[in-house]
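Right, one structure below, let's go through it.
For ligands, and for the atoms within them, numbers begin at 1 and follow the listed sequence. Model, not experiment: these values are computed from the prediction.
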Amino acid sequence: MTISQDLFTRAQASIPGGVNSPVRAFNGVGGTPLFITKAQGPYTFDADGNKYIDYVGSWGPMILGHNHPQIKQAVLAAVENGLSYGAPTETEILMAEKVKELMPSIEKVRMVSSGTEATMSAIRLARGYTGRDKILKFEGCYHGHADSLLVKAGSGALTMGVPNSPGIPADFAKHTLTVSFNNLDEVKAIFEQYKNEIACIIVEPVAGNMNCIPPNAGFLEGLRSVCDEHDAVLIFDEVMTGFRVALGGAQQYYNITPDLTCLGKVIGGGMPVGAFGGKQEIMDYIAPVGPVYQAGTLSGNPIAMAAGLKALELLSEPELHLQLEAKSQALCAGLQQAADEAGIALTTNYAGGMFGFFFTNADSVNSFQQATECDLERFKQFFHLMLEEGVYLAPSAFEAGFVSTMHTQQDIDHTIAAAKRAFAKL
Ligand SMILES: Cc1ncc(COP(=O)(O)O)c(C=O)c1O
Ligand SMILES: N[C@H](C=O)CCC(=O)O
């Protein structure tokens, strides 16, 4: 028995499923989750002493690689002054100013402690601002686990087969409308059907929770127009894409201005953080200025702000995001070529520092339906073969992969060589 297997058995006795977030349990691929003891640069190390090239990156925030020395230093310096005050600090202002500078659509921003809190609060704000109850999301998009948003959700919910979770009253879920990602006709039709009833559209501008699916040309522009036409709020959930797809997020990459933006893990540099922000007129509906209540004891936590602020400073280096995208491109091109040579049907997608690959005969994958029709058995086999090769991919076919600035050409070459050997065994 490996140490990870032993720890997993122990964990299951006192933690539901042995994990504190379902997708970590390897339900999507079978087998035992790795218990991690440390992570450095592009690598993670498990309890059995194995080293892996890591493309999970703590599910996205580790754009600069694990345990970046300057972020670590910022955290250590902040710790000297206490762990939490529950009162305002100057670092929160610096963080807000930095976020506004990098994402000009954000005129005011409120810090929270997770991506879930950010999307939940943004939805409440959109409802309060418009006075409407219904919201529109896309099948397979995941926006955290708030009740309104766990409807036809992606990520772990899709992997576990519970995209509509029990525990959410039907009377509540009926206010969440869903249509297909990348299908503008369905969006227009549902706005006609529910005239003056829809408060907002919330969208992952690059879907990263049903594998990686970039928006079709014109899709995000279309969402902007529909929201303008119907006085609805356009919310970009950039928890995954923010500061990763481009420094200014997907909104910069695709040049679309949302009304509200949700941010997450990246602005904590690995600490538990989220934020939502946008047009001042809408944000001023939030308490204490406005009537929509939203709060958090640990919001703006000084350690998390110090880590996040340093991360955003480091991410602001010129050319960094072009280099990140070049790594995604090189990885996808290498995987594609290796699969073609082995006669394995594979398609890849990438946007900035996020990527995905699909075992399918389709030339391209741009819908939830296509993503769910891919060969999941093949994915599982490939995942485990890559793990044996020392490459740690997301343990689900419905998650994006992430590169970091610390992944070297050698790491990418190693990954492609490992994939060649794995494809030969499929
Ligand atoms: C796009 C998106 N939105 C929201 C969330 C929720 O964030 P958190 O897990 O920090 O609550 C996630 C990830 O979990 C995500 O990928
Ligand atoms: N896809 C999720 C976040 O982006 C995975 C993280 C989790 O739910 O634990």
Side-chain angles (χ1 to χ4, degrees), residues 15-29 33 36 54-63 111-123 135 137-160 162-163 165 181 201-215 235-245 249-251 258 260-276 296 298-299 301 304 308 351-356 371 392-402:
I15 303 172
V19 290
N20 281 314
S21 197
V23 75
R24 294 179 200 173
F26 274 32
N27 294 51
V29 288
I36 305 299
D54 179 22
Y55 291 104
V56 179
S58 190
W59 303 98
M62 296 306 167
I63 306 178
M111 303 307 298
V112 293
S113 297
S114 71
T116 296
E117 268 190 77
T119 56
M120 179 185 76
S121 307
I123 292 286
I135 64 167
K137 77 175 280 290
F138 295 92
E139 194 173 7
C141 279
Y142 177 71
H143 305 287
H145 63 92
D147 286 353
S148 282
L149 293 164
L150 263 192
V151 177
K152 295 197 180 168
S155 187
L158 177 59
T159 310
M160 309 297 143
V162 285
S165 171
F181 186 76
I201 297 178
I202 183 164
V203 64
E204 288 180 72
V206 178
N209 285 289
M210 47 172 148
N211 208 314
C212 175
I213 304 192
I235 305 175
F236 272 13
D237 178 353
E238 297 232 39
V239 165
M240 202 179 260
T241 54
F243 315 106
R244 170 169 284 283
V245 162
Q251 52 198 272
L260 293 179
T261 298
C262 300
L263 299 168
K265 34 201 162 192
V266 178
I267 42 167
M271 302 288 288
V273 177
F276 64 102
L298 296 178
S299 297
N301 172 272
M354 60 195 275
F355 68 91
Y392 186 45
L393 299 164
S396 164
F398 303 121
E399 299 284 355
F402 303 107

Within the 4.0 Å heavy-atom cut-off, what Arg24 brings close to ligand 2 is neither
Are the side chain of [X] and the backbone of [Y] linked by a donor-acceptor contact shorter than 3.5 Å?
X      : Y      : result
Ser396 : Phe398 : yes
Ser114 : Glu117 : yes
Lys137 : Lys152 : yes
Thr119 : His143 : yes
Glu238 : Ala250 : yes
Asn211 : Ala397 : yes
Lys265 : Gly269 : no

Q. Are Phe402 and Met62 side-chain neighbours, meaning at least one heavy-atom pair lies under 4.5 Å?
A.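 SC-SC contact between Phe402 and Met62 ruled out.
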Residue shell for ligand 1, any heavy atom closer than 4.0 Å, reads Ser114, Gly115, Thr116, Tyr142, His143, Gly144, Glu204, Asn209, Asp237, Val239, Met240, Lys265
When distances are taken from atom 9 (O) of ligand 2, the protein heavy atom at minimum range is Ser21 OG, 2.5 Å
Hey, which atoms in ligand 2 end up nearer than 4.0 Å to a heavy atom of [X]?
X      : result
Trp59  : 5 (C), 6 (C)
Asn209 : 1 (N), 2 (C), 3 (C), 4 (O)
Met240 : 4 (O)

Within less than 4.0 angstrom of ligand 2, does Lys265 place any heavy atom?
yes
If you measure every N or O of Ser155 against every N or O of ligand 2, does any of those distances drop under 3.5 Å?
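Yes.
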Checklist entry - Taking atom types as modelled, is there a side-chain donor on Glu399 or Ser155 under 3.5 Å from an acceptor on the other? => result yes
